[in-house]
K.L.:
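Just dropping this structure here.
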Amino acid sequence: MSGHGAEGSGWPASSPAMSSITAVGESYQKFNPRAYLQNNYMPPRADFTSEDCVVPWKLRCLAEAFATGEIHGHTLIDIGSGPTIYQLLSACDHFEEIIATDYLEVNREVLRQWVQDKMDVFDWSPYIKHVCKIEGRGEQWKEKEQKLREKLRQILPIDVHQPNPVGSPLRQLADAMVSTFCLEAVSPDRLSFEQALQNITSLLKPGGHFLLIGALEESFYLAGEAKLSVVPVSEADVKEALTKSGYKIHDFRSYIMPPGLKIGVDDVSGVFFVHAQKQPVV
Ligand SMILES: C[S@@+](CC[C@H](N)C(=O)[O-])C[C@H]1O[C@@H](n2cnc3c(N)ncnc32)[C@H](O)[C@@H]1O
Ligand SMILES: O=S(=O)(c1ccc2c(c1)CN[C@@H](CF)C2)N1CCSCC1
């Protein structure tokens with residue numbers, strides 16, 4: 001899936017909006033997964049020493065959401081997975097099948113390599129160990145790692161700017177959805193952010209739960225040679241977009257990025273976490 005085509009996007013092929021979306025897709029051609037992982041998922045950002053650090057905060061948000069027991073079913077889909085799997089560690093105990101998605105083949109291949117336990121893949125063990133610790137069930141980290149590898153059964157191309165983001169409608173709507181640092185990082189403006197949210201919502205069954213994590217007031221980030229534009233969003237912008245797409249917000253939390261984690265790889269001000277639920281259409 002190229003994602004560059006105007007076909008079916010709902011925008012006129014030559015409109016300014018479609019031109020901006022095409023430009024975003026072109027900017028991602030230089031995205032370097034290894035550099036992206038280095039910038040965001042290794043020290044100093046990968047600091048597990050205090051519950052106040054961003055990684056423990058984010059993993060706790062996800063673990064606590066799944067610990068409610070409200071979020072379960074057969075299939076969970078992750079939107080814009082990139083080269084990362086940390087966002088699925090607490091989910092894998094509550095679903096039979098997990099679908100990862102990304103726009104870039106390089107990222108989908110990184111995920112395939114991890115699932116197949118190939119050499120030279122990123123070491124997620126600090127994240128897996130931390131999740132096992134905060135979940136408090138005494139699960140061995142290698143068990144959780146193997147469980148996720150078994151459940152991560154599909155790794156699909158996706159373009160959130162298409163009305164059918166994964167090409168054809170899913171055989172079965174997802175019971176739950178996760179997305180981390182994707183929508184704002186691939187949308188040139190607020191309107192396309194809201195439209196992308198509307199598009200991915202078509203993949204989630206009515207009543208399905210959605211865990212959304214993203215960057216607050218960020219305008220760019222680096223991933224090797226790529227400098228990607230990000231649409232700056234506030235808490236209010238995110239809440240408004242979710243409401244417009246028919247969600248009820250159950251929980252909204254924000255984390256202010258400490259100065260020590262502002263390392264030049266982006267200009268993120270904070271991180272938001274939302275637990276929302278798609279409301280049935282009456
Ligand atoms: C900032 S990364 C987020 C990666 C990961 N979810 C995380 O938490 O770090 C944004 C991801 O969105 C993907 N992406 C770019 N354009 C997209 C599009 N039109 N639709 C869906 N995903 C897209 C990129 O390939 C990249 O993996
Ligand atoms: O908050 S992070 O430092 C983080 C993680 C990923 C990103 C950003 C920040 C900000 N820029 C985003 C670009 F889209 C990607 N973090 C990294 C460790 S795990 C918890 C999340």
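Note: hydrogens, waters and symmetry copies are ignored here, and every other heavy atom, side chains too, is used. This chain uses plain numbering: 1 for the first residue, then up along the sequence. We count ligands from 1, going down the list as the structure has it; atoms in each ligand are counted the same way.
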K.L.:
Could you tell me if any non-hydrogen atom of Val230 lies under 4.0 Å from any atom of ligand 2?
P.N.:
no

K.L.:
Tell me whether Lys147 contacts the main-chain N or O of Asp93 through its side chain, where contact means a donor paired with an acceptor under 3.5 Å.
P.N.:
no

K.L.:
Can you tell me if NZ on Lys227 sees more than 12 non-hydrogen neighbours from other groups inside 6.0 Å?
P.N.:
no

K.L.:
Of all the non-hydrogen atoms in the protein, which one sits nearest to atom 20 (N) of ligand 1, and at what distance?
P.N.:
Val160 N, 3.0 Å

K.L.:
Could you see which bit of Asp159 sits under 4.0 Å from ligand 1, with heavy atoms only: side chain, backbone, both or neither?
P.N.:
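It is both parts that get close, each with some atom under 4.0 Å.
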
K.L.:
Determine, considering heavy atoms only, which of Lys58, Met257, Met42 sits nearest to atom 2 (S) of ligand 2.
P.N.:
Met257

K.L.:
What part of Ile158, side chain, backbone, both or neither, has a heavy atom within less than 4.0 angstrom of ligand 1?
P.N.:
both

K.L.:
Starting from atom 7 (C) of ligand 2, locate the nearest protein heavy atom and write down its residue, its atom name and how far away it is, to 0.1 Å.
P.N.:
Asn40 OD1, 3.5 Å

K.L.:
Compute the centroid of each ring, for Tyr247 and then for Phe210, and state whether the two points are separated by less than 6.0 Å.
P.N.:
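Here the rings of Phe210 and Tyr247 have centres that are less than 6.0 Å from each other.
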
K.L.:
Which atoms from ligand 2 have a heavy atom of Val271 less than 4.0 Å away?
P.N.:
1 (O)

K.L.:
Please work out whether any backbone atom (N, CA, C, O) or any side-chain heavy atom from C-beta onward of Tyr36 is under 4.0 Å from ligand 2, and answer side chain, backbone, both or neither.
P.N.:
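Within the 4.0 Å criterion, Tyr36 contacts ligand 2 through side-chain atoms alone.
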
K.L.:
Nearest protein heavy atom to atom 5 (C) of ligand 1, by residue and atom, and its distance?
P.N.:
Ser81 O, 3.1 Å

K.L.:
Counting only heavy atoms closer than 4.0 Å, does ligand 1 sit against the backbone of Asn107, its side chain, both, or neither?
P.N.:
side chain

K.L.:
Provide, to 0.1 Å, the distance between atom 27 (O) of ligand 1 and the closest protein heavy atom, together with that atom's residue and name.
P.N.:
Asp102 OD1, 2.7 Å

K.L.:
Strictly under 4.0 Å, does any heavy atom of Leu261 approach an atom of ligand 2?
P.N.:
no

K.L.:
For Val186, which part has a heavy atom under 4.0 Å from ligand 1: side chain, backbone, both, or neither?
P.N.:
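Side chain only; the backbone of Val186 stays clear of ligand 1.
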
K.L.:
Which bit of Phe181 gets closer than 4.0 Å to ligand 1, counting heavy atoms only: side chain, backbone, both or neither?
P.N.:
both

K.L.:
Applying the side-chain contact (heavy atoms from CB on, under 4.5 Å) test to Gln87, which of Leu211, Val178, Ile213 qualifies?
P.N.:
Val178

K.L.:
Between Arg137 and Glu143, is there a side-chain N and carboxylate O pair less than 4.0 Å apart?
P.N.:
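No, this pair does not count.
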
K.L.:
With a 4.0 Å heavy-atom cut-off (strictly under), which part of Phe181 contacts ligand 2: side chain, backbone, both or neither?
P.N.:
both

K.L.:
Using a heavy-atom cut-off of under 4.0 Å, does the side chain or the backbone of Ser179 touch ligand 1, or both, or neither?
P.N.:
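Neither; no heavy atom under 4.0 Å.
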
K.L.:
Show which atoms of ligand 1 fall inside a sub-4.0 Å distance from at least one heavy-atom site of Thr180.
P.N.:
3 (C), 5 (C), 6 (N), 7 (C), 8 (O)

K.L.:
Answer side chain, backbone, both or neither: which part of Trp57 comes under 4.0 Å from ligand 2, heavy atoms only.
P.N.:
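Answer for Trp57: neither.
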
K.L.:
When you measure from atom 17 (C) of ligand 1 to every protein heavy atom, which one gives the shortest distance, and what is it?
P.N.:
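For this ligand atom, the closest protein heavy atom is Tyr103 CB, 3.4 Å.
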
